[in-house]
Amino acid sequence: QVHLVESGGGLVLPGGSLRLNCAASGRTFSSYLMAWFRQAPGKEREFLAGITGNTNDTYYLESMKGRFTISRDNARNTVHLQMNNLKPEDTAVYYCAATTAVPARESNRFSYWGQGTQVTVSS
């Protein structure tokens with residue numbers, strides 16, 4: 001099992017940047033594929049980016065390429081999402097998730113979820 005805790009959300013101006021962090025418990029963190037999702041009010045949860053366990057291969061929602069970057073540090077049991085050039089439509093609760101399924105984009109393939117961190121992009 002793995003327990004996930006996100007941090008790093010907040011209020012940011014349009015065009016600004018944020019770096020989200022996800023701290024994971026457990027000894028087998030490197031065996032999990034990690035991903036970031038988000039959910040805006042009234043919308044379905046949306047996959048953003050994923051990163052494999054040991055090879056650190058990344059994959060993204062096409063529309064996020066170039067603005068969002070996922071990374072992980074297996075020694076520290078952390079995964080990050082660097083978000084640049086943020087827009088008001090990026091406002092949502094952001095979640096990190098873990099799975100042993102490779103690859104995966106659908107939320108129902110992820111067994112473990114954090115509590116989420118709010119990102120608000122507004123002037």
Side-chain angles (χ1 to χ4, degrees):
Q1 288 210 356
V2 61
H3 181 62
L4 305 173
V5 179
E6 302 97 335
S7 62
L11 175 63
V12 62
L13 293 171
S17 298
L18 279 177
R19 186 181 192 231
L20 303 184
N21 310 297
C22 176
S25 65
R27 300 179 181 177
T28 59
F29 175 71
S30 63
S31 67
Y32 289 92
L33 181 148
M34 301 298 297
W36 286 95
F37 290 75
R38 71 183 180 189
Q39 189 165 20
K43 294 188 176 181
E44 292 188 356
R45 194 164 294 189
E46 176 183 43
F47 167 83
L48 300 173
I51 185 166
T52 58
N54 288 311
T55 59
N56 285 1
D57 294 326
T58 59
Y59 56 107
Y60 295 89
L61 179 67
E62 191 66 28
S63 59
M64 298 302 156
K65 283 185 178 179
R67 286 202 305 131
F68 289 8
T69 303
I70 189 171
S71 61
R72 69 189 292 161
D73 183 342
N74 287 339
R76 297 173 184 260
N77 281 16
T78 56
V79 62
H80 308 281
L81 185 68
Q82 177 67 41
M83 306 186 295
N84 298 326
N85 191 22
L86 285 163
K87 306 173 183 180
E89 52 264 40
D90 293 318
T91 295
V93 178
Y94 285 68
Y95 299 89
C96 82
T99 183
T100 55
V102 178
R105 295 174 181 260
E106 299 82 5
S107 60
N108 61 8
R109 297 187 68 186
F110 286 80
S111 302
Y112 305 102
W113 293 85
Q115 83 289 349
T117 185
Q118 176 71 45
V119 171
T120 302
V121 185
S122 175
S123 55

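The first residue in the sequence is number 1, and the count goes up from there.
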J.: Starting at OG of Ser122, measure out to CG of Leu13 and round the result to the nearest 0.5 Å.
T.: 8.0 Å
J.: Measure across Ala49 and Ile70 and return the closest heavy-atom pair with its distance rounded to 0.1 Å.
T.: O-CD1, 3.7 Å
J.: Are Thr78 and Phe29 close enough, and set up right, to give a side-chain contact (heavy atoms from CB on, under 4.5 Å), and what steps lead you there?
T.: CA-CA 9 Å; Thr78 56; Phe29 175 71; 5.8 Å; no
J.: Could you grab the distance from atom CG of Asn85 to atom OG of Ser17, nearest 0.5 Å is fine?
T.: 7.5 Å
J.: Can a donor-acceptor pair be found, under 3.5 Å and without considering hydrogens, that links the side chain of Arg105 to the backbone of Tyr60?
T.: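 Yes: the side chain of Arg105 pairs with the backbone of Tyr60.
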J.: First locate atom OG of Ser63, then atom NZ of Lys65, and finally report the distance between them rounded to the nearest 0.5 Å.
T.: 10.5 Å
J.: Please determine which of Trp113, Tyr94, Tyr95 meets the ring-ring contact (aromatic ring centres under 6.0 Å, His included) test together with Phe37.
T.: Trp113
J.: If every non-hydrogen atom of Val2 is compared with every non-hydrogen atom of Ala98, which pair is closest and at what distance?
T.: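 Shortest heavy-atom contact: CG1-CB, 3.9 Å.
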J.: Do Asn77 side-chain atoms and Ala24 backbone N/O form a donor-acceptor pair below 3.5 Å?
T.: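 Indeed, once roles are kept as given, a pair shorter than 3.5 Å links the two residues.
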J.: Donor-acceptor check, side chain of Arg72 to backbone of Thr52, threshold 3.5 angstrom: yes or no?
T.: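 Side chain of Arg72 to backbone of Thr52, a donor-acceptor pair under 3.5 Å: yes, one is there.
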J.: Passes side-chain contact (heavy atoms from CB on, under 4.5 Å), Leu20 versus Glu6? Steps please.
T.: CA-CA 7 Å; Leu20 303 184; Glu6 302 97 335; over 6 Å; no
J.: Are more than 12 heavy atoms from other residues, nucleotides or ligands located less than 6.0 Å from atom CD of Glu44?
T.: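 Not buried by this count: 12 neighbours or fewer within 6.0 Å.
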J.: Do Tyr59 and Phe47 have ring centres separated by under 6.0 Å?
T.: yes
J.: With a 4.5 Å cut-off on side-chain heavy atoms, are Val12 and Asp90 touching?
T.: no
J.: Just so I know, are the side chains of Thr91 and Gln118 near enough to count as touching, which here means a heavy-atom distance under 4.5 Å?
T.: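 When only atoms from C-beta onward are counted, Gln118 and Thr91 do touch, with a gap below 4.5 Å.
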J.: How many angstroms lie between NE2 in His3 and CD in Gln115, if you round to the nearest 0.5 Å?
T.: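 If I round to the nearest 0.5 Å, the distance is 7.5 Å.
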J.: Side-chain contact test, heavy atoms from C-beta onward, threshold under 4.5 Å: evaluate it for Arg38 versus Met83 and give yes or no.
T.: no
J.: Should the ring pair Tyr112 and Tyr32 be called parallel, tilted or perpendicular, given that the plane angle runs from 0 to 90° and is split at 30 and 60?
T.: perpendicular
J.: Give me the atom names and distance for the closest heavy-atom approach of Ala104 to Thr99.
T.: CB-CG2, 4.3 Å
J.: How about Gln1: does its CD atom have over 12 heavy atoms from other parts shown lying under 6.0 Å from it?
T.: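 Not more than 12 within 6.0 Å, no.
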J.: Indicate the atoms forming the closest heavy-atom contact of Leu86 with Phe68, along with that distance.
T.: CD2-CE1, 4.1 Å
J.: Between atom CE of Met34 and atom CG of Asn74, what is the distance when rounded to the nearest 0.5 Å?
T.: 9.5 Å
J.: For the CZ atom of Arg76 and the CG atom of Asn21, what is their distance to the nearest 0.5 Å?
T.: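 The CG atom of Asn21 is 11.5 Å from CZ of Arg76, to the nearest 0.5 Å.
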J.: Using atom types as modelled and distance alone, determine if a side-chain donor or acceptor of Thr69 lies under 3.5 Å from a backbone N or O of Gln82.
T.: no
